[in-house]
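The structure appears right after this line, and notes come after that.
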Amino acid sequence: MEQYLIRGGNSLVGEVEIGGAKNAALPILAASVMTDDTVHIENVPDVRDTNVLMDAMAGIGIIVKKEDRHSVTINASNINNTVVCDDNIKKIRASYYLIGAMLGKYKTAEVTLPGGCDIGCRAIDQHIKGFRALGAEVVLEHGMIRTKAERLVGSHIYMDVVSVGATINVMLAASLAEGKTIIENAAKEPHVVDVANFLNSMGANIKGAGTDVIRIRGVQRLHGTDYAIVPDQIEAGTFMLAAAATKGDVMVKNVIPKHLESISAKLIETGCEVSEHGDQVRVVCSRNLRHTHIKTLPYPGFPTDMQPQITVVLGLAEGTSIVTESIFENRFKYVDELIRMGADIKVEGNTAIIDGVSKYTGAGISVPDLRAGAALVLAALSAEGESVVDNIRYIQRGYEDFDIKLRNLGADIRVVERDTDYRNFKLLTS
Ligand code: UD1
């Protein structure tokens with residue numbers, strides 16, 4: 001089992017290149033099954049979640065050919081099954097996008113119920129409501145979600161909660177339904193827009209993605225396309241906050257600055273300098289951090305996927321900060337680990353009350369989920385002394401070459417195999 005060994009204290013300085021967005025890549029890969037033509041996708045991040053999904057797709061006869069590390073060609077014309085119950089697929093949340101995609105194309109799909117990070121109750125009632133509104137039967141049994149329809153017919157669907165997954169899933173199925181679908185109270189995240197752009201490039205007719213109301217006029221068939229995935233807003237934000245946590249100076253390259261505005265605004269409130277240079281954002285942190293308050297919200301609000309990272313930064317800011325998590329109810333599990341590193345944080349319900357400390361101290365820490373894992377790495381990078389970070393497989397689900405990118409910025413971080421390498425490390429450093 002791999003771990004990170006981190007010796008904290010180095011300010012991160014330099015440039016980092018951001019990859020394609022995991023949360024756009026997953027539905028886009030799944031949507032590739034919606035045509036018999038060949039689809040070519042670029043800027044696919046080489047992370048565990050995308051690879052698990054591609055393996056599961058290959059498992060049902062879809063030809064998935066990696067052209068290079070970030071480009072893939074997919075052809076689903078020889079699909080031999082619409083049942084996906086691969087053991088790995090249940091570990092990733094995005095497995096549910098295969099339901100919307102296959103239901104749209106084949107009018108039937110059976111997929112293992114999705115897993116993903118344990119950050120709270122992750123209901124799928126809005127996905128189901130959407131599929132049923134389009135005329136599908138949906139049954140949950142034996143750990144599977146089974147859907148089928150004689151025909152899918154467009155409908156007017158109001159989402160009771162703003163859900164990225166449900167918005168995308170209904171958009172997938174509705175693209176090949178008969179007639180017009182309207183999704184109200186739709187999610188507006190950049191990856192929702194990216195999936196709509198991808199489907200439109202295949203011949204779909206989707207308007208309004210990026211607003212509250214998405215209008216989809218179903219088409220009879222989708223065709224092949226050549227598409228590049230949007231840059232990852234959360235990976236970019238994580239490196240921006242790494243600069244803040246380590247009092248560094250980082251140019252985050254290949255980003256869409258508009259997608260990062262909520263993060264930039266909060267960094268400026270804490271006293272960092274943030275400047276935009278075309279498709280790059282530079283974060284410089286040269287003075288003491290100031291406290292601020294944050295509430296996570298659907299886009300364009302502050303992303304829940306950046307909540308642990310900003311909490312780590314605010315843990316080092318002067319004064320008392322309050323972070324309110326309004327999307328997932330179980331997203332402060334990492335705080336106990338942070339307290340073991342010297343943070344002064346109390347969690348009451350969905351609120352963290354943070355009294356800033358002057359420094360964290362290195363410790364053995366265990367990663368509870370993907371984004372919290374990245375956040376704990378930032379804490380370890382800023383800390384005095386050494387940290388051993390366990391369960392880094394969670395981080396590898398969503399960050400490509402996280403340790404390498406951090407090392408290129410001057411971080412002292414390396415991957416070791418549990419126990420043996422750590423003993424060697426101790427010998428070398430004692
Ligand atoms: C996606 C992202 C995740 C991100 C989240 C919010 C992927 C693979 N994951 O997750 O990284 O944190 O968006 O930006 O893209 N809900 C319901 N019923 C539903 C669906 C959702 O009640 O049918 C609730 C959820 O419990 C949660 C909220 O809606 O409280 C938002 O969830 P949603 O936007 O659907 O998140 P995911 O798509 O699971």
Side-chain angles (χ1 to χ4, degrees), residues 20-31 45 47-53 89-101 111 113-133 138 140 145 147 157-173 183 185-195 212 229-230 232-235 237-238 259 262-263 295-310 324-333 350 368-375 394-395 397-399:
K22 168 185 87 81
N23 288 349
L26 293 164
I28 285 174
L29 289 167
V47 293
R48 193 159 292 167
D49 276 14
T50 52
N51 290 323
V52 165
L53 180 62
I89 196 84
K90 62 179 166 230
K91 297 188 188 136
I92 71 168
R93 186 79 192 147
S95 54
Y96 56 39
Y97 291 130
L98 286 172
I99 307 167
V111 177
L113 275 165
C117 284
D118 180 14
I119 52 180
C121 163
R122 303 190 73 173
I124 53 166
D125 56 304
Q126 299 304 303
H127 303 239
I128 294 171
K129 170 177 161 172
F131 296 146
R132 286 190 175 137
V138 185
L140 303 186
I145 170 163
T147 60
I157 300 160
Y158 176 83
M159 295 286 175
D160 300 319
V161 292
V162 179
S163 161
V164 171
T167 301
I168 292 178
N169 232 342
V170 172
M171 200 162 75
L172 295 175
I183 306 175
N185 200 24
K188 297 181 280 200
E189 269 68 2
H191 31 295
V192 175
V193 179
D194 208 36
V195 179
D212 291 322
I229 286 166
V230 77
D232 196 312
Q233 172 206 21
I234 305 301
E235 187 194 14
T238 301
H259 295 169
S262 61
I263 301 160
K295 183 172 184 179
T296 62
L297 288 168
Y299 188 84
F302 192 88
T304 174
D305 282 359
M306 291 302 302
Q307 179 263 100
Q309 301 90 314
I310 195 79
T324 307
E325 171 57 59
S326 77
I327 312 287
F328 292 110
E329 76 273 17
N330 198 14
R331 218 167 185 176
F332 284 121
K333 285 203 300 191
N350 68 342
D369 63 68
L370 166 59
R371 304 303 172 184
Y394 285 115
I395 300 173
R397 287 185 48 188
Y399 290 89

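Note that ligands are numbered from 1 as they come in the structure, with each ligand's atoms numbered from 1 the same way. All values below come from the heavy atoms of this structure, side chains included, with hydrogens, waters and symmetry mates left out.
Neither the backbone nor the side chain of Arg397 has any atom closer than 4.0 Å to an atom of ligand 1 (non-hydrogen atoms only). Contacts of Tyr299 with ligand 1, taken as heavy-atom pairs under 4.0 Å, are absent altogether. Here Arg93 has side-chain heavy atoms under 4.0 Å from ligand 1, and that is the only part of it that gets that close.
For the residue pair Ser163 / Gln126, no side-chain donor-acceptor distance below 3.5 Å is found, with atom types taken as modelled. Between the side chains of Thr296 and Gln307, no donor-acceptor pair of N or O atoms lies under 3.5 Å. For the residue pair Arg371/Tyr399, the side-chain donor-acceptor check at 3.5 Å is satisfied.
Relative ring orientation between Tyr96 and His127 is described as tilted, the plane-to-plane angle lying within the 30° to 60° band.
For ligand 1, the polar-atom distance check finds an N/O of Ser163 within less than 3.5 Å of one of the ligand's N/O atoms. Close N/O approach between Gly165 and ligand 1 is found [any backbone or side-chain N/O within under 3.5 Å]. Considering backbone and side-chain atoms alike, Thr304 places every N or O at 3.5 Å or more from each N or O of ligand 1. Some N or O of Asp305 is nearer than 3.5 Å to an N or O of ligand 1, by distance alone.
With values rounded to the nearest 0.5 angstrom, Lys22 atom NZ is found 12.0 Å from Glu235 atom CD. Between atom CD1 of residue Ile128 and atom OG1 of residue Thr147 there is a gap of 10.0 Å, rounded to the nearest 0.5 Å.
Under a 4.0 Å criterion applied to the non-hydrogen atoms of Ile327, ligand 1 contributes the atoms 27 (C), 28 (C), 30 (O), 31 (C). Contact atoms of ligand 1 toward Ile124: 19 (C), 23 (O) (distance under 4.0 Å to a heavy atom of the residue). Below 4.0 Å from some heavy atom of Asn23 lie the following atoms of ligand 1, by number and element: 2 (C), 3 (C), 7 (C), 8 (C), 9 (N), 11 (O), 15 (O). Per-residue contacts place Tyr96 under 4.0 angstrom from the following atoms of ligand 1 (heavy atoms of the residue considered): 37 (P), 38 (O), 39 (O). In the vicinity of Asp125, heavy-atom distances shorter than 4.0 Å reach the ligand 1 atoms 17 (C), 18 (N), 19 (C), 22 (O), 23 (O). Close contacts of ligand 1 with Arg331, meaning ligand atoms under 4.0 Å from a residue heavy atom, involve 12 (O). When each atom of ligand 1 is checked for a heavy atom of His127 under 4.0 Å away, the hits are 23 (O).
Of all the heavy atoms in Ala374 and Thr238, the pair that sits closest is CB-CG2, 4.1 Å. Contact between Pro45 and Thr50 at its shortest, heavy atoms only, is O-OG1, 2.8 Å. For Lys295 against Ser326, the heavy-atom pair with the smallest separation is CE-CB, 4.0 Å.
For atom 33 (P) of ligand 1, the nearest non-hydrogen atom from the set Val192, Ile168, Val164 belongs to Val164.
Taking 4.5 Å as the limit, every side-chain heavy atom of Ile99 sits out of range of all side-chain heavy atoms of Val138.
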If you apply the rule salt bridge (charged side-chain N to carboxylate O under 4.0 Å, His left out), what do you find for Asp369 with Lys333, and how did you get there? CA-CA 9 Å; Asp369 63 68; Lys333 285 203 300 191; 5.8 Å; no
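Note on ligand 1: Val162 sits in its first shell, one or more heavy atoms being nearer than 4.0 Å. Residue contacts with ligand 1: Met159 is excluded, as none of its non-hydrogen atoms falls under 4.0 Å.
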